[in-house]
Amino acid sequence: MENEEVMIAWDIPIVTDKELDIVAGSLSVGEKNCGIVSVQHLSGRTSMLKGKAVKDMQALQEETLYLLNCHQDLSALLSEMESPPCKKICSEKQRDCRNRENLIGVSELLIGSVMQEQASRLGLPVGILLARTGAASLGQICQVSGKPSHTALLDVEQKKRLSCLLKTLEDLLLQNKFCRSVFCQELWKLEKPLVLEVAWCLHKENIVGLEMLLDSAPDLQAAVDWLYTELCCLCGQMAACSSVSELPETILLDVMLLLVQNGFQCFVDVAGNREQAKILQISLAVLDKMLSWLLDAVAAESQEDSSRLQTAKHWLNTFEKLMSRSTISLNFVEQFFIHTLTQILTYRPLLKVSDAVRMQGDWNFAKTCPLLTTLYRKIFVVLNAEKLIRHLQEVLETQEVNWQHVLNCVSTLVVCQSEAELLVKDLLVRLLTKAFEGYELEYMIMAFLLARQSALEGPAAFMSYTEWFKVSFGNASGYHGSSKKSLIFLLKFLSDLVPFEAPHYLKVHILYPPFVQTKYRPLLLEYITLAKTRLADLKVSIEDMGLYEDLSSAKEGAQPQSQALQDVEKAINIFENTGKIPASVMEASIFRRPYFTGRFLPMLLKPRVLPKAADSWMAFIDALKRADKIPASVYSEYIQGCHLQKQKLLEGGSVVEMDIDQSEEPFKLLKAALEEMRQLMTDSSRSDALPPQIALISERLQEITAGRKEDHSAAFASPIQMDAQTTDLKGQDKEVVDLLLTFFCQSIMVASCLNPPDRQGTWPSLFVKMLCGHPWVIAAVLIRLLQLICNQASLLSDVHVVGLAAFVIHLNECRTLIPRLETAAYSCSLSEYWNHLLKCRTGKSLAFCLRFCTAAISYALCKFSSDSPDVLRTICSPFLIKKIHHVLPRVSLEARGIKANAEEEAAAPWRSLSDCSVNWKRTALCLWKQKILRELMKEQAFQLSFRDWVLLELEVLSDEDELSEGERREYHRWAVYQCYLPMSSADGGCGGNLQQACVEILHALMDFCRRSGRRPLSLLKEPESWDQRRAGSADILYMLQEMTLDLELASAYSTSHFLLQVFKERLQVIGTGSELGDQLLRKQELLTCNRILLSLPPSILIAVCGERKCTTLSSADFFHFINTELRNYCPRAFALPYNITAHFFRGLLSSSLRCEQPAREVDSVLTACRTKCPIILSSTALWWPLLEPVLCSQWKRYGRSSLTKELEELRMCHHSAVSFLTSSRSFIASDTLWVSAAFLYFNIQSHSAHGRISEMVKSLGNNTEQILICLLFFCIMDLISAKIVPKEGEDLQKLLGMCLTFLQCLQERGVCWFHLFCSVGEEQEPYQVLHRAASEQHIRLLPIAFYSLVPCLQQDALIQKQDFVSTAVHMYAKLFQLFLEGEQSSVVGQSLKQMDSLDLLASSRHYLVHIILQCPTLSALNVNQILSTYEEFDPEVKAALLHFSPVDDAPALF
């Protein structure tokens, strides 16, 4: 009977001996005091049965079952049972019994039979009994022993017991003997709540899903409370546990995943399904409660209770992991985050709008709880900025909101999302439009709060509140400008805000008020009065506001004393650069008198030890004193205080310093923040944390600014002063700037080792934008760049060069945030600043420029490769591309051979720049081959035109160039003849036109000479040998000479020369203004023209014309140039410089060789000079002793034995004058009397014959009146010149005596000489020629000479002349006009015996009135003609003239 199969009533297979052994082995696993029966009992029982050899096996089974029923513990039974090791229980013939399909564990079979027996005895279904028993078993496992509080995780022993139980339940489920619903209901009846890990294990093992467990809860709130409590408990355990385990995170994530999936199902899916609807409600309730718990932790942090922060962070971390799960629909995730954002914005809306207005200054990004900003940023990952803005507007319009959370969200959005700025601006436009369309106050509140909150994050994130207010309401097209009702609505709203607003917002509204029409001005004044009253209540006076205070910042203004010091320093800074008192100071002295006298002057006049040499501070004080802006008593007290300070110093006392050392704590915090950012950059998974970290760095910089007594910042609109004083950064300024630049350079290289620039994110742009939000920082950075590039360029490593180049690119990206740069000589934009900064003058500077431009362009091409070409055009400065276009072909022969349309595409140059050692020339060549760079260089803005190339070459100092003279000329020929000459004009070349190339060189030379006369922009001290070093102009002139000769050889005739045409066009652009600056600029341009003119072949001055097979010469263009330009800027009034005169004659003689009759053509030109350009002949008379040997030698070289007729006549004039003066021979005049007079006059001066003038005049004989008049004219011109510019050794009295001698002689001969002073017409040819030989300025100053001479002559003889009085009146009118124009002060103030302008005018008036009253020939008709000629006349002279007019005619005179 041992192996027979005996059936029992419950269909349980016969239990054999071996199976009993298995049962014993299975039950031995249980607890010591638990189990169906003890091991000893069963073992002994089995041995006894075996020993007795019982024959009736059925009786044995019944006895065994009875024994089990008497000792069983059902709960322990389920938790103890597990499948034992499989023993050999079947014969060799039944080997398939080992398969799972054919083998059910004995433990499970035994439990099933036991439970069926127990269920039948209790009258219950077996599934219900097993469910209750399983629930009780879980309750026993979850009981916490020895632990002070409830936990959501099991210990090791509990996990072991749970594992056994779950295995048993799983097998019972396979037998369909387990009721899940009853099991769930029993779990809710447990004395202590179910542990979350147990619930998760049931869910993971698919025994009971968490949804089913929640649905079976007796009520919805119980389920919510249990799961919420367990989740909080689990987060708390994770925060308290030091060891890292993945299980808690997995549980949290799985629970959140389940809640999101069930909480955001489609409404159609749950409609009509009670269970799903209930689960949806529970899921939403739990998620909302967990979010409230997290927001409560945020509030606790703000109350300096951060104990809950670490706990809440674990729940927050699951938000990010939720998105990485592929098992959940992205639509569910998006709905969840939208719901979460809504709950955050509407969480506990207790704050009023007035509270938000008052407190929002403390709600910026840097001051927001990191837990909340992290939550916002995780939401922003799923929802783009456009969806966020749209949802934010929807929430604001439909629900009550928590304004702190709303404004925190806006701050986080504009800081972390680069595209948010434009979207927020659009939102503000929509809100304001709705507000004024329906006069809705709510929309106005929203717009103002959002605008102010965005502006709190600085210009790197959003425009300042000042700018927004000005743009929105500062013009007639503003929202309020449509009607009076709209204006009243705006002013009423602003008035309601007044009791709650911060002072700086009130200042903005007062200083930049809304635009109103004149008739509505009283309405605005009411608001301004209210705002000023509020400021007075806050003890913030608008009068105490600084002259240069920045209203864009939300920070409280500096203390009045500190602000006054900043204003004083800023005003002195402007005064140093302009030499003028700043307009703001002058306005404050009038319109803001209390601040000026109560704050500004006391700070300016703070006693100190005065330096020996007056500094800018003293100069500014003196300027204010001269302008009567400092009272005499105040100034006297200042001087006395300075003396006391000096006395204390001499006595060994201490003088109180104005500078106070500041705490280094803000600097350390800044350093720590930068280091933390560097660590974040190395972790690619934390890239979203970079924008918030940059905002924190901005806050650290604000703290440094707040702790400074000296602040270089000004309003954002104020230009940055780049002068010699500010180039020396000291103290903390230098430390901060070096720290920032070093961090940026190192970070760029570290990031480039991991990813190329286009995959590094937006942190470089955000970082530089942030710096632009601190004016003093960006000003100091630009100054530091000036120092590094100009003084230490050769010392910069490759890392520095690459980092600084990238920094420059991002500065260009933010150029709209950077004010203009100003110096004493220049005002330029940021892009123009790089052009001035990267000067290519020496070999070293050329090499650095190549490195810098290569790095900058390579970075820009890689960083913005995915953007549109327009973005690259705006980011990459044209000057950088032009610089590399100039430098690379200059230093590399290979680059000259690479055509601009090369087809091969080189590798990206950025790869080599990120290496440890950079081969700059190879990298530059690689960049040069880039297709995108070649395309950019073809565009007009980025072209290096021929003129640009010439200007850059002129900058290079030949003595310090790396190229030798031969290499440089070879390079120049390549650039001109192979590169630019064949290049089309559209591409910046000359289109094959050699003359056009010469014109471009001329323009470039003149532009360079004009610029070189100014102060360099860098303002760094140049070496003393700068003027001695040879610039590149000599090499360029060499090329111009070569090209000019090529042009002459290419054409037999030339009607006019392009050179003079270029001069004419440039001088026309300058104009003929009467201002001193315009005159100096025109004079400088003429000097440049002369230099270029003299450096080129003289033949260019003479045009060779071919008419009727006859070659002639013409100098019409050169004559016009002399008459209109050169004669007005000559050292002497009627003579050209020797070099110009000699150059003309050399060109005339050499050009005549191209004619059939050279002598005739030379004489023809010289004959034309007599009337068309007389100053050439007068100059010839002056320089003839030097000209004669040169001309004779040149003419003989051409094979001519004797001079031409005209030249011979000039030589005879000179010989006659010399003979007359030295040998007392008679003076033989030529046909052109004035030419002979010129030779005679200049020889009188050269032979020092001033003392024998009277004798010589008598020796001239009769019929020489015209010669005497010409001599008088030349002498008067010299007299005027002596008054304008006195020269050493020149005796003004001698010239005055010579003039009087000539006048007396003419007067004795009865000659009418005074017409020489009047304007001459065509009929007065001799006088006309003389006037055309002198400068226009000297002709205008003839009245001064007239009234300097005529009072010395005999009056009786003069007044007898018919036209003398009218001439005297005419001269006085001209003198009076000069006095009104102010020119007399520039011509009579230099002589040692000068006469004051007022004295000269008074004496002239007295003399004129005297001769008028004594003139016997003056008639009423003459008087009427004189008075009708001059509308404005001297009253005293007019009164004297009216004596000769009848009374009846008097009314007609007016």
Side-chain angles (χ1 to χ4, degrees), residues 826 828 831-832 834-836 838-841 846 849 853 877-890 896 900 936-958 968-969 971-1014 1017 1031-1044 1046-1047 1057-1070 1081 1084-1085 1088-1089 1091-1093 1095-1096:
Y826 288 93
C828 65
S831 297
E832 296 168 339
W834 306 130
N835 183 43
H836 292 287
L838 294 172
K839 290 296 184 182
C840 299
R841 290 171 175 160
L846 283 165
C849 185
C853 294
S877 173
F879 297 108
L880 296 175
I881 295 180
K882 290 182 179 181
K883 291 286 185 181
I884 198 170
H885 195 175
H886 167 238
V887 177
L888 185 57
R890 198 177 198 280
R896 301 178 198 175
L936 277 177
M937 290 191 297
K938 292 179 182 178
E939 299 182 12
Q940 186 174 2
F942 296 90
Q943 286 177 1
L944 181 68
S945 65
F946 183 50
R947 186 183 300 187
D948 295 334
W949 175 83
V950 175
L951 283 170
L952 291 174
E953 276 301 305
L954 289 170
E955 294 281 350
V956 180
L957 302 176
S958 303
R968 188 166 52 253
R969 290 191 177 179
Y971 164 65
H972 287 172
R973 287 192 178 93
W974 169 85
V976 173
Y977 292 107
Q978 296 185 39
C979 183
Y980 284 106
L981 188 58
M983 188 186 296
S984 66
S985 300
D987 294 333
C990 305
N993 190 335
L994 188 60
Q995 178 174 317
Q996 181 62 29
C998 294
V999 170
E1000 294 297 329
I1001 292 179
L1002 280 173
H1003 281 295
L1005 278 168
M1006 299 186 74
D1007 289 340
F1008 174 74
C1009 292
R1010 181 187 298 180
R1011 287 191 305 186
S1012 63
R1014 297 181 181 178
L1017 178 70
S1033 57
D1035 299 303
I1036 298 299
L1037 280 174
Y1038 176 83
M1039 287 297 305
L1040 182 60
Q1041 292 167 356
E1042 183 179 309
M1043 296 161 67
T1044 305
D1046 289 344
L1047 281 175
H1057 204 278
F1058 66 88
L1059 178 74
L1060 299 175
Q1061 185 64 26
V1062 170
F1063 292 164
K1064 178 181 177 182
E1065 292 174 357
R1066 291 183 65 90
L1067 291 169
Q1068 285 178 348
V1069 171
I1070 295 176
L1081 184 61
Q1084 181 187 15
E1085 195 80 355
T1088 304
C1089 293
R1091 292 174 189 150
I1092 297 175
L1093 198 67
S1095 65
L1096 296 178

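Only this structure's heavy atoms are used, side chains among them; waters, hydrogens and symmetry mates stay out.
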Spatial distance of atom [atom1] ([X]) from atom [atom2] ([Y]) [nearest 0.5 Å]:
{"X": "M1039", "Y": "Y977", "atom1": "CE", "atom2": "OH", "answer": "4.5 Å"}
{"X": "S877", "Y": "F942", "atom1": "OG", "atom2": "CZ", "answer": "8.0 Å"}
{"X": "Q1041", "Y": "I1001", "atom1": "CD", "atom2": "CD1", "answer": "11.0 Å"}
{"X": "I881", "Y": "M937", "atom1": "CD1", "atom2": "CE", "answer": "8.0 Å"}
{"X": "L954", "Y": "L1037", "atom1": "CG", "atom2": "CG", "answer": "8.0 Å"}
{"X": "W949", "Y": "H885", "atom1": "CH2", "atom2": "NE2", "answer": "11.5 Å"}

[Y] side chain reached by [X] side chain, heavy atoms, under 4.5 Å:
{"X": "L880", "Y": "L838", "result": "yes"}
{"X": "Y971", "Y": "E953", "result": "yes"}
{"X": "M983", "Y": "C990", "result": "no"}
{"X": "V976", "Y": "M1043", "result": "yes"}
{"X": "P889", "Y": "W974", "result": "yes"}
{"X": "I1092", "Y": "L1059", "result": "yes"}
{"X": "L952", "Y": "K883", "result": "yes"}
{"X": "D1007", "Y": "R1066", "result": "yes"}

[X] to [Y] - nearest heavy-atom pair and separation:
{"X": "F1063", "Y": "C1089", "value": "CD2-SG, 3.4 Å"}
{"X": "R968", "Y": "S958", "value": "NH2-CB, 3.6 Å"}
{"X": "L944", "Y": "Y980", "value": "O-OH, 2.9 Å"}
{"X": "A997", "Y": "F946", "value": "O-CE2, 3.3 Å"}
{"X": "C998", "Y": "T1044", "value": "SG-N, 4.3 Å"}
{"X": "P982", "Y": "Q978", "value": "CG-O, 3.4 Å"}

Salt bridge (Lys or Arg N to Asp or Glu O under 4.0 Å) between K882 and D948: does it pass, once the steps are laid out? CA-CA 8 Å; K882 290 182 179 181; D948 295 334; 3.7 Å; yes
Would the distance check show the side chain of [X] and the main-chain N or O of [Y] forming a donor-acceptor pair, the cut-off being under 3.5 Å?
{"X": "R841", "Y": "E955", "answer": "no"}
{"X": "R896", "Y": "R890", "answer": "yes"}
{"X": "N993", "Y": "Q995", "answer": "yes"}

Test side chain to side chain contact (heavy atoms under 4.5 Å, CB included) on F1008 and T1088 and set out the steps. CA-CA 10 Å; F1008 174 74; T1088 304; over 6 Å; no
Test item: side-chain donor near acceptor, Q943 and E939, under 3.5 Å: no
Exceeds 12 heavy-atom contacts within 6.0 angstrom, atom CD of Q1068: yes
